[in-house]
Each structure stands twice: as C-alpha cells, then as structure tokens.
Amino acid sequence: MALFAYFNPEIGTKLIIPFAGIEWDLGIWYIPFTVVAVVLIVNSVNLTDGLDGLASGVTIINAATYTIIFYGMLQQLSGYTARRLIPVI
C-alpha cells in the first residue's frame, strides 16, 4: 500500500495537515511513515478489542463519524446537494 501510494503520481508523498494549510513532503520517508501508521492503527484496535469485543462498538462509532464528515466534505467540495441524512421536521 505504501509503495503504491509512493509511486502513484495522483497520490504522492505529501502529508496534508487539515485546517492548518500545511503540506509536508515526506519524500522517501513516506514509505516507513505509512507502514508505522498502519501498524499502530491495527495494534490499537487489537488492544481495544482484547477478549471482550469492545472494538466493534468503537469501530461503528468511528465509521459513522467519518461517514458524516466525508458526506459533508463531499457536499462542500463538489457543490453537490443530495438529500439530507437527517430529514428536516
């Protein structure tokens, strides 16, 4: 995954920090940065899950949050107005 992103000109090696307007070009360090980030995220889910299955609830909350954020960004960036997630009463 990291090699694909590194060699793909559409993705590139820049790390964009939202709301700060900072673009940081990691260059060749993009590959180890991505590998470490993925390993840390996977390990955090494993630690959260343990033996009691807490990861499913946390993952559902995160997925719902990111879905709402992505939906709002899609409307803002493309000017596309779709039906609302929550109907107006």
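Keep in mind that what you see is a predicted model, and the values were worked out from it rather than measured. The residues of the chain are indexed from 1 along the displayed sequence.
When all heavy atoms are compared, the tightest approach of Tyr30 to Gly12 is CZ-O, 4.0 Å. When all heavy atoms of Ile16 and Glu23 are compared, the closest pair comes out as CG1-CG, 4.0 Å.
Just one of Ile61, Ile68, Thr67 meets the side chain to side chain contact (heavy atoms under 4.5 Å, CB included) condition when paired with Thr65; it is Ile61.
Val38 and Phe33 fall into different hydrophobic clusters, where Ile, Leu, Val, Met, Phe, Trp and Tyr residues are linked whenever their side-chain heavy atoms come under 4.5 Å apart, directly or through other members. Note on Val35: it does not cluster hydrophobically with Tyr6, by side-chain heavy-atom contacts below 4.5 Å among ILVMFWY residues. Using a 4.5 Å cut-off between side-chain heavy atoms of Ile, Leu, Val, Met, Phe, Trp and Tyr, with links allowed through other members, Phe4 and Ile28 fall into the same hydrophobic cluster.
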Next on the checklist: Assess the residue pair Thr13 and Trp29 against the criterion (side-chain contact (heavy atoms from CB on, under 4.5 Å)); give the C-alpha distance rounded to whole Å, side-chain angles, the decisive distance to 0.1 Å, and a yes or no.
Outcome noted: CA-CA 9 Å; Thr13 60; Trp29 290 102; over 6 Å; no
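Listed for the Ser44 side chain is a donor-acceptor partner under 3.5 Å among the backbone atoms of Ile41.
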